[in-house]
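Structure first, commentary second.
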Amino acid sequence: MTPLSAERIRAALHEVDAGPFGADLHFYASTGSTNDVLKELAADDAPEGTLVVADEQTAGRGRMGRRWEAPPGSSLLFSVLFRPDLPASDIYRLVMACGLAAAEACEAATGYRVDVKWPNDLQIGGKKLAGILPESAIMGERAAWVIVGVGLNVSQAFAPGDPLRETATSLRAATGQDVDRAALLAAIMARLNAWNRALAGEALLGAWRARCVTLGQRVRVETPGGVVKGTAEDITPQGALWLRDDAGQRHRIAAGEATLRTP
Ligand code: BTN
């Protein structure tokens, strides 16, 4: 795997139209968590599009208090700063924009279909390719800043015996292809620049729905209030899941972890 560096990322960004995304780039061979580094930059008035990238994280964080582990050199680990002109209730649109940008760039690089899974994952062939961790500071009705952190598996083998083999994959494991991380990151930033200009419109939601593997499926969702089982019917513009349980009752689930149920 070609080493990642600030120079290689800048050169790749130079080849695409990424607008503000990555114009202010902070690269670390190793750091605690790119989300945590970016939080400090956000508090110091860093501009929209500020990008923090690490080859290795020593305290990478996942959703629901979990850790995010990735061997050095294996992944794209990055966080992007938004200063969105959106009501605080709509910040899930930034998760959609980042998820779609990453899915489209991976698909363009490999030719393989990449799905989104509600709420925050990318998948290939039903296995997790990437996870997204959004964090925000809300001031009244608006978000002062939103950080979206992405961990994307590029070259992990997930060899036989690895407990993650059944549920996780990487671009190399799923497609057999070696993808250049600097070029992939630049392609993600270019797609993000495009989606960021369309945050308020219907197209974003439509593209996300079309790529979502959860909708129409029977799912089990772990929510802070307990487990709900049923059929995933739709996603709201704020990113909540509409689920119809087996008794026919509709539930609006704002946050949770969905598992597809085989019939
Ligand atoms: C998940 O649980 O699926 C979300 C994982 C998000 C991991 C990324 S890696 C870059 C950024 N920095 C972190 O500490 N976490 C996110």
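When a ligand or atom number is given, it counts from 1 through the structure's own listing order.
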> Among all protein non-hydrogen atoms, which one is nearest to atom 2 (O) of ligand 1, and what is the separation to 0.1 Å?
Replying inline: Arg63 N, 2.7 Å

> At a 4.0 Å threshold, what atoms of ligand 1 neighbour a non-hydrogen atom of Phe78?
Replying inline: 10 (C)

> What's the shortest distance from atom 5 (C) of ligand 1 to any protein heavy atom, and which residue and atom give it?
Replying inline: Trp68 CE3, 3.3 Å

> Can Val150 be said to touch ligand 1, with heavy atoms closer than 4.0 Å?
Replying inline: yes

> Would Glu166 and Lys127 pass as an ion pair if we require N to O under 4.0 Å?
Replying inline: no

>> Do Phe21 and Leu51 make a side-chain contact, defined as non-hydrogen atoms from C-beta onward lying under 4.5 Å apart?
In response: no

>> When you measure from the side chain of Asp44 to the backbone of Ala46, do you find a donor-acceptor pair of N or O atoms at a distance under 3.5 Å?
In response: no

>> Starting from atom 11 (C) of ligand 1, what is the nearest protein heavy atom, named by residue and atom, and what distance separates them?
In response: Thr34 OG1, 3.2 Å

> For ligand 1, does Asn120 get within less than 4.0 Å through its side chain, its backbone, both, or neither, judged by non-hydrogen atoms?
Replying inline: neither

>> Looking only at protein heavy atoms, which one is nearest to atom 9 (S) of ligand 1, and what is the separation?
In response: Gln57 NE2, 3.4 Å

> Can any side-chain N or O of Glu233 pair as donor or acceptor with the backbone N or O of Arg244 at less than 3.5 Å?
Replying inline: no

> Does some non-hydrogen atom of Met64 fall short of 4.0 Å from ligand 1?
Replying inline: no

>> Looking only at the side chains, is there a donor atom on one of Trp145 and Glu135 sitting less than 3.5 Å from an acceptor on the other?
In response: no

> To the nearest 0.1 Å, how far is atom 15 (N) of ligand 1 from its closest protein heavy atom, and which atom is that?
Replying inline: Arg61 O, 2.7 Å

> Any donor and acceptor pair, going by atom type alone, linking the side chain of Asn193 with main-chain N or O of Asp17 inside 3.5 Å?
Replying inline: yes

> If you measure from the Lys or Arg side-chain nitrogens to the Asp or Glu carboxylate oxygens, is any gap between Asp245 and Arg250 under 4.0 Å?
Replying inline: no

> Among all protein non-hydrogen atoms, which one is nearest to atom 3 (O) of ligand 1, and what is the separation to 0.1 Å?
Replying inline: Lys128 NZ, 2.6 Å

